[in-house]
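Below, all heavy atoms of this structure are taken into account, side chains as well, without hydrogens, waters or symmetry copies.
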Amino acid sequence: LVVSILLGIRRLHFPAGMLIAIIFAAFLYHQLIPASPAPAGSGDVLATFGQLDFSVFFHSEFWVPVIVFFVLDFFEGIGGFIGMTSNTTIQDKDGNVPHIKQGLWVDGFGTIGGSLFGTSSLIIFVESAVGINVGGRTGLTAVFCGLFMILGALASFYFAPVLTMIPAQAAAGVLTYVGYLILSSSLSSKKGEKLHSFDIMVAAIMSLIAFVTFSLDKSLAFGMWAYFALSLIPGSQRKPSLWLAGIAAALTLAIVISG
């Protein structure tokens with residue numbers, strides 16, 4: 001985290017600072033934590049491609065993760081668009097993001113395509129905050145990111161043993177810094193809109209829930225119920241939303257059923 005912050009300072013303008021922070025964290029991880037045997041694998045990155053089983057549609061337990069991942073992926077996409085463009089000139093004067101519909105189509109197709117390869121669905125906008133912070137504004141940023149991801153996927157055939165040496169914990173500091181970039185852009189919005197103390201409190205509790213439970217669905221459910229409860233208070237400027245309550249109820253039910 002410290003390396004991410006130092007290399008992310010705009011005055012330094014250090015290229016590839018986040019990548020270097022991940023490599024440095026991976027080095028410290030292997031120096032401080034005893035080595036453990038690598039998980040066994042097939043060695044074929046395409047082993048899960050197209051391995052679909054539609055028979056699970058008829059099992060009730062199948063729909064619980066579907067509901068959870070749908071809510072997470074849907075709001076992750078919208079939140080990514082709005083949060084990361086809030087402190088740029090991309091949004092209009094009313095805070096609307098132009099062409100967000102097309103962006104959500106890309107997000108949806110990316111999720112479907114990712115599932116065909118057996119990868120996580122929550123991968124579309126993770127790197128955008130860092131890209132915007134270093135000056136990315138146009139679609140060319142996404143094009144070049146996509147090209148480099150394709151090159152990375154092709155290179156993984158030959159560098160898979162090296163990639164397995166980077167633990168998931170190595171990216172924790174970078175992701176924390178990315179979260180700070182998103183939050184700071186909301187706190188210092190050029191449109192003059194500031195977060196209220198209630199918003200900051202809910203965001204802090206949601207972050208704590210996600211950190212303690214390692215579960216985004218519980219964090220998101222709490223946030224939805226918190227804002228719906230706020231809308232029910234007399235004198236509140238927010239109008240109760242049945243859509244918000246319905247989604248929160250469905251997400252809560254899925255969490256309870258999944259145990």
Quick check: are there more than 12 heavy atoms from other residues, nucleotides or ligands sitting under 6.0 Å from CZ of F198?
-> yes
Would the number of heavy atoms belonging to other residues, nucleotides or ligands and lying under 6.0 Å from CG of L147 be above 12?
-> yes
Check against side-chain contact (heavy atoms from CB on, under 4.5 Å), T252 and W225 = CA-CA 10 Å; T252 303; W225 282 122; 2.8 Å; yes
How close do [X] and [Y] get, heavy atom to heavy atom, and via which atoms?
X	Y	answer
I255	A221	CD1-CB, 4.1 Å
I67	A250	CG2-O, 4.0 Å
F228	P240	CE1-CB, 4.4 Å
L220	M206	CA-CE, 4.0 Å

Are [Y] and [X] co-members of a hydrophobic cluster defined by side-chain heavy atoms under 4.5 Å apart?
X	Y	answer
L232	V202	yes
M201	M224	yes
I205	L251	yes
F109	F74	no
I112	V71	no

Are D199 and Y227 close enough that some pair of their side-chain heavy atoms sits under 4.5 Å apart?
-> yes
How far does CG of L242 sit from CD1 of I247, to the nearest 0.5 angstrom?
-> 11.0 Å
